[in-house]
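See structure below.
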Amino acid sequence: MIQIHEFENPFPELIKTIFESKYEFYENLNVLHQILETPLISEEDKVYHKQIHGWQNDRNSIFIKDFHEYVDKHPEFNKTYHKFIKEYIQPLFPQETQLVIQKTPNIRFSFPDAAAIGCDPKDPESIIGLHCDSNFGHNENEMNFVVPITKMFSTNSIFYEPIIDSQIDPTNFENLKLKENQFLQAYFNKLKHCNKINQTGKTRISFDIRIIPYSKYMANLDFFTGTKFELGKYYIVL
Ligand SMILES: [Fe+2]
């Protein structure tokens with residue numbers, strides 16, 4: 001249910017170029033929060049990035065917009081993304097000739113004293129955004145992959161239960177540790193996971209990617225038809 005795979009990570013170099021070209025930021029991405037102290041970022045965006053949001057508006061970050069603009073303008077991103085899927089993800093599904101993949105990865109930023117995901121009023125104390133992806137309408141055949149852009153550790157990372165319905169208190173969940181040359185495969189559709197306030201002093205950036213085996217997608221077409229999860233909207237076939 002949880003596996004860590006080794007790979008050659010091509011993404012940090014690409015993501016760096018976004019911040020070099022727009023903000024002339026040449027430092028390690030794990031100190032990206034330093035640009036929040038410069039006039040390059042509007043007051044409104046500074047305030048946004050220094051607090052926790054409800055999950056309904058946890059995607060309003062200027063940096064998430066920057067990423068999507070970059071993907072739209074630079075075809076090399078999708079080329080690299082698809083190569084990564086073919087080289088490292090496809091072999092994990094030996095029965096499948098094709099995969100249904102998230103069209104564009106979700107990029108996550110966990111800045112110091114904030115968190116990468118939004119909170120829920122029902123969150124236990126010191127826990128942010130406790131959920132499993134099926135709570136948000138994701139299909140149970142979906143598998144999650146987390147690819148680090150910067151090192152993931154301690155409170156800048158994800159906390160998860162190791163088995164479904166474990167009844168483990170979220171404050172005792174496992175902590176995901178990923179070096180830049182490792183990615184995670186996890187069944188977050190049913191395994192609960194969450195964030196905490198990032199107290200590491202380091203920014204974490206990562207991708208979430210959701211994948212469904214093509215045969216499972218086709219066998220469950222009714223589930224997807226007429227939803228945002230239709231092929232061409234949220235997913236593409238590779
Ligand atoms: Fe999730």
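Ligands are counted one by one from 1 in listed order, and the atoms in each one are counted from 1 as well.
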Non-hydrogen atoms of Tyr187 and Asn144 that approach each other most closely: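 Smallest interatomic distance, heavy atoms only, reads C-OD1, 4.2 Å.
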
For the residue pair Ser215 / Glu96, report whether a side-chain donor-acceptor contact shorter than 3.5 Å exists.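 There is such a pair between these side chains.
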
Among side-chain atoms of Ser110 and Arg108, is any donor-acceptor pair under 3.5 angstrom? no

Decide, counting backbone as well as side-chain atoms, whether Cys132 has an N, O or S atom less than 2.8 Å from the Fe ion (ligand 1).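 Short answer: no, not a single N, O or S atom is under the cut-off.
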
For a ring-ring contact (aromatic ring centres under 6.0 Å, His included) check, start with the C-alpha distance between Phe111 and Phe63, then their side-chain angles and the critical distance, and finish with the verdict. CA-CA 11 Å; Phe111 288 113; Phe63 304 121; 5.6 Å; yes

Check Asp133 and report its N/O/S atom nearest to the Fe ion (ligand 1), by atom name.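 In Asp133, the heteroatom (N, O or S) nearest the Fe ion (ligand 1) is OD1.
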
Can you check the angle at the Fe ion (ligand 1) formed by NE2 of His193 and NE2 of His131? Round it to the nearest 10°.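 Answer comes to 90°, rounded to 10°.
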
